[in-house]
There are 2 protein chains.
Amino acid sequence: MSDAQQKYNVENAKSQMRKGFLEFPVLLIIGAKVTYAPDILKQLKEANLLVVEGTLYPLLSRLKRFGLVEYQWQESKSGPPRKMYSITDQGKAVLKQLEASWKSLDSSVNTLIKHYEKSN
Amino acid sequence: MSDAQQKYNVENAKSQMRKGFLEFPVLLIIGAKVTYAPDILKQLKEANLLVVEGTLYPLLSRLKRFGLVEYQWQESKSGPPRKMYSITDQGKAVLKQLEASWKSLDSSVNTLIKHYEKSN
DNA sequence: ATAAGGTACTTTGTAATGCAAGGTACTGTA
DNA sequence: TACAGTACCTTGCATTACAAAGTACCTTAT
C-alpha cells in the first residue's frame with residue numbers, strides 16, 4: 001500500500017546533508033596545509049564531518065580533474081608513498097565562491113530557524 | 001584523455017550543496033505555519049534557497065510518507081484546491097534532531113573556515 | 001627469506017536526491 | 001467556448017555518499 005508509513009532515518013539525513021557539500025571542507029583543509037588523504041580523514045573526523053575512504057578518494061580525484069588541487073608523491077617513513085595535495089590558484093578562486101555560497105546558506109537557514117522558533 | 005581538465009561548475013556545486021539538505025528548511029517552513037507548495041517555493045526563494053517544483057513535490061510526498069507532515073485539501077478563491085501542509089508531532093521530533101545536526105555542521109564548517117583564514 | 005600487519009590508494013555497485021521537462025486538471029474571465 | 005492562471009504530479013538523467021572489496025607498498029618479526 002502506498003500509504004504505508006515508512007521509518008525516517010536520521011542517519012541517512014545526516015549523510016544526505018553532507019551530499020555535494022564535502023568539497024568545501026576538503027578544499028578548506030587542503031588550502032590550509034599541504035596534506036594527504038588519511039590526514040584529511042582525521043581532520044574531518046575531528047570536525048565531526050565523518051567521511052569514509054570510498055567517499056574521499058573519488059572526491060580528491062574530482063578536485064584534481066577540475067584543477068582545484070594538485071599533488072606530488074612523497075615518500076613516507078612508515079609505509080607506502082603519499083599523494084600530498086595542495087590547492088591551486090583556481091582552487092582558491094573556487095573556494096572564495098563556495099565560501100560565499102556557504103555564508104548565504106548559513107544565514108538563510110538560521111533565519112528560518114528563528115522564524116520557526118518565534119512561531120512556537 | 002583522463003588527464004583533461006574539466007570546467008568546474010559553481011552552480012552545480014550550489015545545487016549539490018542543497019542535496020539532501022532541503023528537508024530541513026521545508027520542515028522549518030511548514031512547522032512555522034500551515035502552508036502549501038507554491039507558498040513554500042516563494043519562501044524558499046526569499047531565503048535564497050532556490051528550488052523548483054520538480055524538487056519540492058516529491059520532497060513533500062516523502063515527508064508525508066514518513067509521517068513528518070500531513071495535509072488537508074482546502075479550496076481556493078483563485079484556482080484549484082490546495083494541499084495545506086502542517087507538521088506532525090513526529091515531524092517536530094525529527095526537526096529537533098535535524099536542527100542539532102545542522103548546528104553541529106554549522107560550527108564544524110565555521111571552525112574549518114577560521115583555520116583556513118588563519119593559515120593565510 | 002618469508003609471513004604478517006599496517007599504511008595508502010582505488011574501484012565497483014547501490015541508494016538517494018536535485019533538476020529539467022513535460023503532463024494533468026481545476027478555476028475564472030474574455 | 002477558448003484561454004490564461006494556478007496547483008499538483010511524473011519521468012529520466014546526472015551527481016554523490018557509502019559499503020565493500022581489492023591492489024600495492026613498506027616495515028618488522030620469525
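Naming: A, B, ... by sequence-line order, numbering from 1 per chain.
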Note to self: Of the listed nucleotides (C/dC9, D/dC8, D/dC25), which one gets closest to any side-chain atom of A/K83?
What the structure shows: C/dC9
Notebook entry, point to check: Rounded to whole angstroms, how far apart are CZ on A/F21 and C1' on C/dT17?
Noted result: 17 Å
Check: Relative to the 5' end of DNA chain D, which residue comes earlier, A/L22 or A/K77, by the nucleotide with the nearest heavy atom?
Finding: A/L22
Item checked: Salt bridge flag under 4.0 Å for residues A/K14 and A/E11 -> yes
Next item on the list: Could you tell me whether B/T55 contacts a base, only the sugar-phosphate backbone, or nothing, with contacts defined as non-hydrogen atoms closer than 4.0 Å?
Entry: base
Item checked: Rounded interatomic separation in angstrom, taking CG from A/L60 and P from C/dT11 -> 13 Å
Note to self: Check the phosphate of D/dT10 against B/Y57, side-chain N and O only, distance under 4.0 Å to OP1 or OP2. Yes or no?
What the structure shows: no
Check: Toward the 5' end of DNA chain C, which comes first, B/L59 or A/R82, by nearest nucleotide?
Finding: A/R82
Notebook entry, point to check: Over how many whole Å does the gap from B/E53 atom CD to D/dT11 atom C1' extend?
Noted result: 15 Å
Check: side chain to side chain contact (heavy atoms under 4.5 Å, CB included) with A/L44: which of A/D39, A/I29, A/T55, A/V52?
Finding: A/I29
Notebook entry, point to check: Which whole-number value in Å describes the distance from A/L56 CG to D/dC18 P?
Noted result: 11 Å
Check: Roughly, in whole Å, what's the span from CD1 in A/I40 to P in C/dT10?
Finding: 12 Å
Notebook entry, point to check: Side-chain N or O of A/S15 less than 4.0 angstrom from OP1 or OP2 on D/dC18?
Noted result: yes
Next item on the list: Can you spot which of A/Q90, A/K64, A/R65 makes a side chain to side chain contact (heavy atoms under 4.5 Å, CB included) with B/Q5?
Entry: A/Q90
Notebook entry, point to check: Passes side-chain contact (heavy atoms from CB on, under 4.5 Å), B/V69 versus B/V26? Steps please.
Noted result: CA-CA 10 Å; B/V69 302; B/V26 169; over 6 Å; no
Next item on the list: Pick base, sugar-phosphate or nothing for B/E75, based on heavy-atom distances below 4.0 Å to the nucleic acid.
Entry: nothing
Item checked: Rounded distance in Å - CD (A/Q16) to P (C/dT17) -> 4 Å
Check: If you pin B/V52 and A/S78 to their nearest nucleotides in DNA chain C, which one's is more 5'?
Finding: A/S78
Item checked: Separation between CG of B/L105 and CH2 of B/W102, rounded to the nearest 0.5 Å -> 6.0 Å
Item checked: Nearest-Å distance for atom pair NZ/P, residues A/K45 and D/dC18 -> 14 Å
Next item on the list: Assign B/E11 to base, sugar-phosphate, or nothing according to its heavy-atom contacts below 4.0 angstrom with the strands shown.
Entry: nothing
Next item on the list: State whether A/R62 places a side-chain N or O below 4.0 Å from either non-bridging phosphate oxygen (OP1 or OP2) of D/dA17.
Entry: yes
Check: Does B/K19 place a side-chain N or O at less than 4.0 Å from the phosphate oxygens OP1/OP2 of C/dC19?
Finding: no
Margin query: Both B/P58 and A/P80 contact DNA chain D. Taking the nearest nucleotide for each, which residue is further toward the 5' end?
Written below: B/P58
Check: Could you give the CH2-to-C1' distance, from B/W73 to D/dT6, as a whole number of Å?
Finding: 12 Å
Item checked: Proximal nucleotide (of D/dC8, C/dC26, D/dT15) relative to the B/P38 side chain -> D/dC8
Next item on the list: For B/G54, report the nucleic acid contact type (base, sugar-phosphate, nothing); a contact means any heavy atom under 4.0 Å.
Entry: base
Note to self: Under a 4.0 Å threshold between the charged nitrogen and the carboxylate oxygen, would A/E75 count as salt-bridged to A/R82?
What the structure shows: no
Next item on the list: State whether A/K14 places a side-chain N or O below 4.0 Å from either non-bridging phosphate oxygen (OP1 or OP2) of D/dA17.
Entry: no
